[in-house]
A.B. asks: 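Shown below is the structure under consideration.
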Amino acid sequence: MKRYAVSFITIIILLVGLIFWNIGSGSISISWDELWNVLMKHTEEGTAYHIIWDIRLPRILAAVMLGGALSISGFLLQTFFGNPIAGPYVLGISSGAKLMVALAMIYLLGRGITISSFGMVAAAFAGSLLISMKVHRMSLLIVCGILIGYICSAITDICVTFADDSNIVNLHNWSQGSFSGMNWSNILMIFILTLLSFLAAMFLAKPIGAYQMGETYARNMGVNITVLRVSLILLSSLLSACVTAFAGPISFVGIAVPHLIKSATGTAKPLVLIPGCFLGGAVVTLFCDGIARTLFAPTEVSISTVTAVFLVPVVIVMMLRRQEERG
């Protein structure tokens with residue numbers, strides 16, 4: 001229990017520190033005095049107020065919630081497949097969601113129709129669910145995921161590149177992964193979907209724990225394996241769809257963060273890992289988004305580029321350790 005407490009307190013401190021760092025940093029720096037006046041004294045005048053409340057806070061909250069959602073999605077997929085490198089990005093689930101959102105937006109915007117946040121999530125969920133249902137054989141897991149991802153990304157890029165409307169062409173930034181352009185209506189939708197999915201995942205924590213011990217053990221404990229598997233796929237697809245709909249594809253967070261949290265807490269208990277993965281995903285995603293915004297400011301780097309640089313080594317080390325344990 002002491003290790004759990006230390007791990008969670010450390011993650012929360014990092015998260016709070018990153019929130020304040022992200023609020024103050026960027027192409028336009030905001031001093032501590034300005035930050036204090038806006039957040040504590042509710043000063044509603046000046047450029048700092050609009051930058052903080054209209055641009056940076058929605059983006060920060062989106063990065064926190066979507067990063068946590070992506071990490072939980074990865075944990076659920078790793079549980080479902082019993083494979084430590086399963087994740088929405090590797091399996092092509094994120095790419096399928098991206099393809100469906102891009103096609104829906106291109107079709108509707110080309111006819112002067114604005115797609116709602118709910119419509120974006122619904123399109124992403126359809127694409128992610130279609131792909132996740134197709135990938136079920138362990139022997140072809142990684143190969144299928146990579147191929148599906150390349151195909152979906154290629155089709156998406158072609159559609160975006162040859163779109164005529166200037167608003168559609170701006171989808172290019174989204175297709176590379178970005179938290180820019182978030183607003184408070186987006187945040188409300190993200191909050192509702194993330195909260196419901198998080199509560200559902202916590203409700204399934206006990207059956208997931210039994211499932212981790214093996215199907216035979218889970219059945220003896222009264223777990224309906226079929227219902228549990230369907231629930232895991234639906235939840236992971238919904239979480240991944242929510243991320244892709246609002247921020248585009250974000251790579252490797254769903255794979256690496258669950259392993260980092262397992263190492264930090266020293267346990268595989270779902271009751272600990274689900275909230276731990278949410279907080280860990282929030283910290284990692286917010287840190288990477290801050291780097292993406294500030295490293296070459298005012299030019300913004302794709303969030304997936306930054307997450308790949310920091311998290312691919314984590315995945316490689318994890319795979320090497322797993323191979324050594326088997327050897």
A.B. asks: Apply side-chain contact (heavy atoms from CB on, under 4.5 Å) to the pair W184 and L57, showing each step before the final yes or no.
C.D. replies: CA-CA 9 Å; W184 289 105; L57 272 180; 4.1 Å; yes
A.B. asks: Shared ILVMFWY cluster between I187 and I55, side chains joined below 4.5 angstrom?
C.D. replies: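 No; I55 is not reachable from I187 via cluster members.
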A.B. asks: Do T285 and F179 touch side chain to side chain, with heavy atoms closer than 4.5 Å?
C.D. replies: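 Yes; the side chains approach each other to less than 4.5 Å.
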A.B. asks: Would you call the rings of F287 and F310 parallel, tilted or perpendicular, taking 30° and 60° as the class edges?
C.D. replies: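 Ring orientation of F287 relative to F310: perpendicular.
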A.B. asks: Roughly how far apart are L193 CG and L188 CG, rounded to 0.5 Å?
C.D. replies: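 With rounding to 0.5 Å, CG (L193) is 9.5 Å from CG (L188).
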A.B. asks: What distance do L66 atom CG and S71 atom OG have between them, rounded to the nearest 0.5 Å?
C.D. replies: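 OG of S71 is found 12.5 Å from CG of L66.
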A.B. asks: Could you give the distance from CZ (F252) to CG (L311), rounded to the nearest 0.5 Å?
C.D. replies: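 So the CZ of F252 and the CG of L311 are separated by 8.5 Å.
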A.B. asks: How about V243 and I250: do any of their side-chain heavy atoms sit closer than 4.5 Å?
C.D. replies: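 Touching, per the 4.5 Å side-chain cut-off.
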A.B. asks: Atom CZ in F75, atom CD1 in I274: separation rounded to 0.5 Å?
C.D. replies: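 Reported value, rounded in 0.5 Å steps: 5.5 Å.
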A.B. asks: When rounded to the nearest 0.5 angstrom, what distance separates SG in C242 from CG in N186?
C.D. replies: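 Result: 10.0 Å between the selected atoms.
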A.B. asks: Any side-chain donor-acceptor pair under 3.5 Å between T307 and S251?
C.D. replies: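 There is such a pair (donor and acceptor under 3.5 Å, judged by atom type) between the side chains of T307 and S251.
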A.B. asks: Is there a path of hydrophobic side-chain contacts, each under 4.5 Å between heavy atoms of I/L/V/M/F/W/Y residues, joining V227 to L76?
C.D. replies: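 Looking at the clustering, V227 is in a separate group from L76.
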A.B. asks: Return the minimal non-hydrogen interatomic distance between P270 and P275, and the atom names on each side.
C.D. replies: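 So the two residues come closest at O-CD, 4.0 Å.
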A.B. asks: Run the numbers on S178 and S180 for side-chain hydrogen bond (donor to acceptor under 3.5 Å, both in side chains), then give the verdict.
C.D. replies: CA-CA 6 Å; S178 175; S180 63; 2.9 Å; yes
A.B. asks: What are the two closest heavy atoms between I225 and E215, and how far apart are they?
C.D. replies: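 So the minimum-distance heavy-atom pair works out to CD1-O, 4.2 Å.
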A.B. asks: Which heavy atom in V223 sits nearest to a heavy atom in A210, and how many Å separate them?
C.D. replies: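 Nearest pair, atom of V223 first, then A210: CG2-CB, 4.0 Å.
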A.B. asks: Taking the side chain as everything from C-beta on, heavy atoms only, tell me whether R3 gets closer than 4.5 Å to F8.
C.D. replies: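 Side-chain contact under 4.5 Å: no.
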A.B. asks: How many angstroms lie between CG in L279 and CD1 in I261, if you round to the nearest 0.5 Å?
C.D. replies: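 So the gap between those two atoms works out to 7.5 Å.
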A.B. asks: For the residue pair I255 and Q78, what are the closest heavy atoms and their distance?
C.D. replies: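 Nearest heavy atoms, I255 then Q78: O-NE2, 3.2 Å.
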A.B. asks: Might you point out which heavy atoms bring F246 and M189 nearest each other, and give the distance in Å?
C.D. replies: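 Nearest pair, atom of F246 first, then M189: CZ-CG, 3.7 Å.
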A.B. asks: Is a side-chain N or O of T244 found less than 3.5 angstrom from the main chain of A241, in a donor-acceptor match?
C.D. replies: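 Answer holds: no.
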A.B. asks: Indicate whether any N or O donor in one side chain lies under 3.5 Å from an N or O acceptor in the other, for N22 and R293.
C.D. replies: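 Per modelled atom types, N22 and R293 side chains form a pair under 3.5 Å.
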A.B. asks: Is any side-chain heavy atom of N183 closer than 4.5 Å to a side-chain heavy atom of P58?
C.D. replies: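 Not touching, per the 4.5 Å side-chain cut-off.
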A.B. asks: Which pair of heavy atoms, one from R59 and one from D289, lies closest together, and at what distance?
C.D. replies: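 So the two residues come closest at NH2-OD1, 2.8 Å.
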